[in-house]
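Here the structure is laid out as structure tokens; the discussion comes afterwards.
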Amino acid sequence: MTDKSSNQMWGGRFAAGPDAIMEAINASIGYDRRMAAQDISGSRAHAAMLAKAGIITDKDAEAIREGLLTVLSEIEGGSFNFSAALEDIHMNVEARLKEIIGEPAGRLHTGRSRNDQVATDFKLWVRDQIDAAISGIEALMRALLAQAEAGADWVMPGFTHLQTAQPVTWGHHMMAYVEMLARDRSRFEDARKRMNESPLGAAALAGTSFPIDRHMTAEALGFDRPSANSLDAVSDRDFALDFLSAASICAIHLSRLSEELVIWSSAQFRFVTLSDRFSTGSSIMPQKKNPDAAELIRAKIGRIFGANTALTIVMKGLPLAYSKDMQEDKEQTFDAADSLMLALAAMEGMVKDMSANRDSLEAAAGSGFSTATDLADWLVRALNMPFRDAHHVTGTLVAMAESRGCDLPDLSLEDMKSVHAEITEEVFGVLGVHNSVASRVSYGGTAPDQVRAQVARWKETLG
Ligand code: ARG
């Protein structure tokens with residue numbers, strides 16, 4: 001045996017153990033213990049394959065299998081003693097396995113390396129997070145669909161530059177987020193397809209001389225196939241970057257919706273009332289109900305983008321194959337995944353519970369000359385006026401209404417005629433907000449029937 005103070009995994013080459021600072025900078029067990037279940041699955045698949053290929057005996061494989069299950073139950077039960085001296089989850093598990101089953105534990109690492117082991121574990125972990133993100137997104141899409149269905153014909157102001165632009169429907173606004181989230185979901189699905197190749201058996205970097213069966217372990221772990229180049233397999237962290245960039249774009253969407261909820265729930269807007277369950281009070285101002293969850297979701301994007309940027313910089317310029325830099329891939333990815341899942345769940349809860357204030361939405365929809373475009377379009381349609389002229393006539397009428405402190409439908413026909421003599425009574429038919437939204441029947445437009453058609457399509461797709 002080697003000196004006690006040197007490492008039990010590579011003590012043969014070392015006379016002394018590491019400096020305390022070396023141990024501190026080197027250890028990843030503080031966070032990679034989160035991959036314990038994946039590590040044990042990977043080892044079980046590897047051991048079963050080694051036995052099948054005749055590289056270890058069935059008896060040893062069985063001892064390894066049993067031992068690994070014991071280790072897993074110790075970890076899950078909280079009785080496992082993690083050691084920083086054993087650096088990471090891979091060595092912690094293997095060392096404990098040795099304590100439990102003795103000699104056969106030493107045969108588990110045949111034909112593999114921690115380099116393919118960590119790539120496999122981390123991939124399995126990220127893949128689980130992709131699946132969780134997809135379910136979280138779908139749950140949020142369902143909450144938005146319910147809102148859209150209830151308010152398919154409720155009118156509200158649509159904005160550009162946060163200035164009243166044209167009336168839209170509440171349902172249409174909710175469905176805009178359903179579309180964004182559907183793209184987010186497809187980004188995660190793409191990432192999953194692309195990443196689903198097994199690195200296990202790439203060994204340190206060059207493959208192995210043992211007659212291993214990489215197809216067998218790939219299949220056991222739910223991968224579509226083994227990765228085709230051993231150097232690439234241990235060097236690749238694209239899968240984590242794909243996950244983080246999909247998460248970042250999804251977080252952008254969540255932050256935009258958060259921002260709208262913050263604005264809409266203010267006393268100045270009163271478009272929505274957030275439930276007590278998803279609001280907080282103020283310790284000093286009794287009247288306050290704060291949209292804290294929306295604000296926190298809006299802020300979470302910082303952490304998610306941070307992780308994406310950090311890993312990009314870690315990977316940039318690294319020579320092939322494995323370098324220890326790559327140990328810095330996990331901690332921030334874990335944090336980003338936690339942040340995304342929490343943000344999705346909180347947003348789903350908020351959207352499910354919130355109530356749109358139909359009357360406030362309708363009152364606001366009519367203000368700010370929101371049907372000016374309808375007036376201009378009517379001039380084009382009814383009087384065959386070129387759009388640019390119609391824009392000018394309408395602008396003059398808006399200025400007139402503004403100077404009188406009234407809205408467009410409040411002007412008299414005489415007022416209208418004073419600007420353009422051919423305008424008729426018929427124009428008033430397009431000026432109300434309900435008329436306005438009902439007329440926007442182009443595919444994907446805001447007309448209630450269009451919205452209902454999109455709701456039905458998505459309900460069918462989501463099942
Ligand atoms: N803890 C390491 C990591 O997270 C495992 C791989 C170590 N490989 C090595 N050759 N030192 O990246």
Side-chain angles (χ1 to χ4, degrees), residues 2 6-14 17-19 21-43 45-46 68 71 75 80 82-97 106 108-129 195 198-208 217 221 227 229-241 243-244 307 310-337:
T2 49
S6 76
N7 190 293
Q8 59 171 291
M9 299 291 164
W10 53 72
R13 164 86 172 75
F14 284 67
D19 188 272
I21 300 291
M22 178 60 209
E23 186 175 297
I25 196 172
N26 203 35
S28 54
I29 189 61
Y31 47 88
D32 68 13
R33 62 177 70 180
R34 284 188 68 169
M35 306 191 307
Q38 288 78 6
D39 191 72
I40 288 171
S41 301
S43 289
H46 186 67
L68 286 170
V71 175
I75 292 174
F80 191 94
F82 290 103
S83 148
L86 289 166
E87 202 181 313
D88 57 24
I89 187 62
H90 325 294
M91 298 206 294
N92 269 267
V93 169
E94 193 183 319
R96 179 70 187 126
L97 184 67
L108 172 60
H109 214 51
T110 316
R112 89 174 175 187
S113 145
R114 271 191 302 156
N115 297 348
D116 58 337
Q117 194 179 355
V118 71
T120 304
D121 293 3
F122 192 32
K123 243 189 193 185
L124 290 172
W125 193 90
V126 169
R127 197 177 68 186
D128 284 347
Q129 298 302 309
M195 64 110 72
S198 174
L200 194 57
L205 73 165
T208 175
T217 46
L221 295 170
S227 51
N229 182 297
S230 60
L231 282 171
D232 174 50
V234 292
S235 307
D236 165 35
R237 293 295 181 272
D238 297 6
F239 62 88
L241 287 168
F243 170 71
L244 290 172
L311 184 56
T312 302
I313 294 170
V314 165
M315 296 310 295
K316 182 205 154 293
L318 280 188
L320 304 188
Y322 179 85
S323 296
K324 194 66 175 244
D325 308 51
M326 289 161 74
Q327 180 165 289
E328 289 290 318
D329 57 359
K330 285 176 276 300
E331 204 171 6
Q332 300 202 54
T333 305
F334 293 166
D335 182 72

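Counting starts at 1 for both ligands and their atoms, following the listed order.
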Quiz: residues 87-95 side-chain donor-acceptor pairs under 3.5 angstrom, not counting sequence neighbours:
{"residue": "Glu87", "atom": "OE1", "partner": "Asn26", "partner atom": "ND2", "Å": "3.1"}
{"residue": "Glu87", "atom": "OE2", "partner": "Arg114", "partner atom": "NH1", "Å": "3.1"}
{"residue": "Glu87", "atom": "OE2", "partner": "Lys324", "partner atom": "NZ", "Å": "2.6"}
{"residue": "Asp88", "atom": "OD1", "partner": "His90", "partner atom": "N", "Å": "3.3"}
{"residue": "Asp88", "atom": "OD1", "partner": "Met91", "partner atom": "N", "Å": "3.0"}
{"residue": "Asp88", "atom": "OD2", "partner": "Arg114", "partner atom": "NH1", "Å": "2.7"}
{"residue": "His90", "atom": "ND1", "partner": "Asp39", "partner atom": "OD1", "Å": "2.8"}
{"residue": "His90", "atom": "ND1", "partner": "Asp121", "partner atom": "OD2", "Å": "3.2"}
{"residue": "Asn92", "atom": "OD1", "partner": "Ser83", "partner atom": "N", "Å": "2.8"}
{"residue": "Asn92", "atom": "ND2", "partner": "Ser83", "partner atom": "O", "Å": "3.2"}
{"residue": "Asn92", "atom": "ND2", "partner": "Asp88", "partner atom": "O", "Å": "2.9"}

Does any donor atom in the side chain of Thr120 or Arg112 lie under 3.5 Å from an acceptor atom in the other side chain?
no
For ligand 1, run through the N/O pairs with the protein that fall under 3.5 Å and put one pair on each line.
{"residue": "ligand 1", "atom": "1 (N)", "partner": "Ser28", "partner atom": "OG", "Å": "3.3"}
{"residue": "ligand 1", "atom": "1 (N)", "partner": "Asp88", "partner atom": "OD2", "Å": "2.9"}
{"residue": "ligand 1", "atom": "1 (N)", "partner": "Gln327", "partner atom": "OE1", "Å": "2.7"}
{"residue": "ligand 1", "atom": "4 (O)", "partner": "Lys330", "partner atom": "NZ", "Å": "2.6"}
{"residue": "ligand 1", "atom": "8 (N)", "partner": "Asn115", "partner atom": "OD1", "Å": "2.9"}
{"residue": "ligand 1", "atom": "10 (N)", "partner": "Asn115", "partner atom": "OD1", "Å": "3.0"}
{"residue": "ligand 1", "atom": "11 (N)", "partner": "Arg114", "partner atom": "NH2", "Å": "3.4"}
{"residue": "ligand 1", "atom": "12 (O)", "partner": "Tyr322", "partner atom": "OH", "Å": "2.5"}

Flag the pair Arg237 and Asp329 as a salt bridge only when some basic side-chain nitrogen lies within less than 4.0 angstrom of an acidic carboxylate oxygen.
yes
If the plane angle is over 60° it's perpendicular, under 30° parallel, otherwise tilted; pick one for Phe334 and Trp125.
tilted
Taking the side chain from Thr217 and the backbone from Ala45, do they hold a donor-acceptor pair closer than 3.5 Å?
no
State whether the side chain of Lys123 and the backbone N or O of Met195 hold a donor-acceptor pair below 3.5 Å, judged by distance alone.
yes
